[in-house]
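Scroll down for the structure; my scribbles are underneath it.
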Protein chains: 2
Amino acid sequence: MKTKPAAISPLEAHLGYWLRFVSNQVSHSFSLKLAERGVTVAEWVVLRELFECAAMAPSALAERIGMTRGAISKLADRLEAKALLTRTISDEDRRYQALAVTAKGRALLPKLAALADQNDAAFFGHLSAAERERIKSAMCEIVRRHGLKAVPVD
Amino acid sequence: MKTKPAAISPLEAHLGYWLRFVSNQVSHSFSLKLAERGVTVAEWVVLRELFECAAMAPSALAERIGMTRGAISKLADRLEAKALLTRTISDEDRRYQALAVTAKGRALLPKLAALADQNDAAFFGHLSAAERERIKSAMCEIVRRHGLKAVPVD
DNA sequence: TATTGTTATACTCTATAACTATA
DNA sequence: TATAGTTATAGAGTATAACAATA
């Protein structure tokens, strides 16, 4: 009985629109903070991920983060130039590399993590812990359902 | 009494990380769908926003969407080339322009909106309506708190 | 002089695919 | 030939700032 088809849903009807909007702002804000330390968001993700393990191959890292090998290669270039990361060619199979965070990188990481904490708090600090957890779970579940690469479910 | 400082929070500790991860996937998936119609995500946003009003100045649109005038200018170029949008210079003040969606653009919009609906459903359809609304409200609240440009709270 | 819109420039991120070197 | 990593190319998105036209 609708007189108008209402075929054209508004932008704000889509959850994807809101996520993109907020996410862009959060990431942009974070990127400004990181810029003071001379690092980009993608670089932070790589460094943080490498920090866990002693060393990791570029291809493994690429899969884990959900990036292409080419992208990792370029990021590694930049991080190497900043002396935050080293490449070491394997002796056994010289096609393999081991990426590792340098001492300088390890010294820098806590500061970057503090910026990440600070940025997250600025945007989501007003939410209750339960609410944050709820949203996080929802996002995590979406990642799982869609079989997205990096399922870093902690 | 902590033995370890635990100073370095993991990536997954941050809600911003999850939002960025999911949002990137959702947007990418949407961009693939839109590509079949020869449109990008940013172009969809512009078209959808212009669709509401008869016409709008680039600067007003820029503020509403949260983009720079330069970005709008480039988008308008592309949309004009695709005959989805027109620029009309004001007679009163020749610095002003009116951007408007063409008939072709109006014909295309329902199809794009359907893709948006479809994409949103693919990622968020498994959530209850209440849960979706909850997350949407949270995002909306964040936008409001941070006084972000486009507050299309509808 | 202030404002509107355009243009030039640049950089990040991403993806594809051709390429090199190893095996 | 198969794999690991690199490089070239491209395009979207974004931002800054210089610029032209107009008021």
Side-chain angles (χ1 to χ4, degrees), chain A residues 20-21 23-35 38-46 55-82 85-99 148-150, chain B residues 20-21 23-35 38-46 55-82 85-99 148-150:
Chain A
R20 174 167 160 274
F21 198 94
S23 169
N24 283 348
Q25 299 289 340
V26 173
S27 287
H28 183 242
S29 164
F30 188 30
S31 75
L32 293 180
K33 290 188 171 72
L34 286 176
V39 172
T40 68
V41 174
E43 288 168 7
W44 147 254
V45 171
V46 165
M56 203 174 195
S59 55
L61 183 62
E63 190 173 0
R64 187 148 166 66
I65 300 183
M67 294 173 72
T68 62
R69 286 178 302 160
I72 293 290
S73 187
K74 283 205 300 183
L75 279 171
D77 283 345
R78 295 206 315 246
L79 289 168
E80 202 176 21
K82 291 173 188 169
L85 172 149
T86 57
R87 285 174 159 116
T88 310
I89 294 176
S90 164
D91 286 334
E92 301 175 359
D93 185 338
R94 303 191 46 209
R95 288 175 304 183
Y96 284 77
Q97 281 183 8
L99 300 181
L148 306 177
K149 313 93 184 176
Chain B
R20 175 167 160 274
F21 197 96
S23 169
N24 284 349
Q25 299 289 341
V26 173
S27 286
H28 183 242
S29 164
F30 188 30
S31 76
L32 293 180
K33 290 188 172 72
L34 287 176
V39 172
T40 68
V41 174
E43 288 168 7
W44 148 253
V45 171
V46 164
M56 201 174 196
S59 56
L61 183 61
E63 190 172 2
R64 187 148 166 68
I65 301 183
M67 293 174 71
T68 62
R69 286 176 302 159
I72 294 289
S73 187
K74 282 206 302 183
L75 279 171
D77 282 347
R78 295 204 316 245
L79 289 169
E80 202 176 20
K82 292 172 189 169
L85 171 150
T86 56
R87 286 174 158 117
T88 310
I89 294 176
S90 164
D91 285 335
E92 300 175 359
D93 184 338
R94 303 193 47 210
R95 289 174 305 181
Y96 284 76
Q97 281 184 7
L99 301 181
L148 305 178
K149 313 92 184 176

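Lettering of chains follows the sequences in order, A, B, ..., and the numbering in each one begins at 1.
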Looking for any heavy atom pair under 4.0 Å, which part of the strands does B/Ala76 touch: base, sugar-phosphate only, or nothing?
nothing

By nearest nucleotide on DNA chain D, pick out whichever of A/Gln97 and A/His28 is the more 5' one.
A/Gln97

Base, sugar-phosphate or nothing for B/Arg78? Non-hydrogen atoms, less than 4.0 Å.
sugar-phosphate

Please round to 10 degrees the angle between the axis of the first five pairs and the axis of the last five pairs in the helix from C/dT1-D/dA23 to C/dA23-D/dT1.
30°

Just the rounded figure in Å: distance from P of D/dT6 to CG of A/Leu79.
13 Å

Got B/Asp77 and B/Arg87 here, is their nearest side-chain heavy-atom distance under 4.5 Å?
yes

What about B/Arg95: does its side chain form a donor-acceptor pair under 3.5 Å with the base of C/dG5?
no

Please report, rounded to the nearest Å, how far the P atom of C/dG5 is from the CG atom of B/Leu75.
15 Å

Quick check on DNA chain D: between A/Arg87 and B/Ser90, whose nearest nucleotide comes earlier from the 5' end?
A/Arg87

Rounded to whole Å, please give me the gap between CZ in A/Phe30 and C1' in C/dT12.
15 Å

Answer with yes or no whether A/Lys74 presents, from its side chain, a donor or acceptor under 3.5 Å of a partner atom in the base of C/dT12.
no

Residue pair A/Glu92/B/Pro58 against DNA chain C: nearer the 5' end by closest nucleotide is B/Pro58

For the side chain of B/Ser31 and the backbone of B/His28, is there at least one donor-acceptor N/O pair under 3.5 Å apart?
yes

Let me know the distance between CG of A/Asp77 and P of D/dT6, rounded to the nearest Å.
7 Å

Can you check the A/Leu32 CG to D/dT14 P distance for me, whole Å?
14 Å

Nearest whole Å is fine: how far is D/dA21 C1' from B/Tyr96 OH?
14 Å

Does D/dG5 have its OP1 or OP2 closer than 4.0 Å to a side-chain nitrogen or oxygen of A/Ser59?
yes

Residue closer to the 5' end of DNA chain C, B/Asn24 versus A/Asp91 (nearest nucleotide):
B/Asn24

Regarding B/Ala71, tell me which of base, sugar-phosphate or nothing describes its non-hydrogen contacts under 4.0 Å with the strands shown.
nothing

Do A/Val45 and A/Met67 make a side-chain contact, defined as non-hydrogen atoms from C-beta onward lying under 4.5 Å apart?
no

Starting at CD of B/Gln25 and ending at C1' of C/dA15, how long is that distance when rounded to a whole Å?
14 Å

Under 4.0 Å between any heavy atoms, over every strand shown, what does A/Thr40 touch: base, sugar-phosphate, or nothing? Just pick one.
sugar-phosphate

B/Glu43 CD to D/dG13 P, in whole Å, measures 7 Å

Which residues satisfy the side chain to side chain donor-acceptor pair (under 3.5 Å) test with A/Arg94, sequence neighbours excluded?
none

Under 4.0 Å, heavy atoms only, any strand: does B/Arg94 hit a base, just the sugar-phosphate, or nothing?
sugar-phosphate

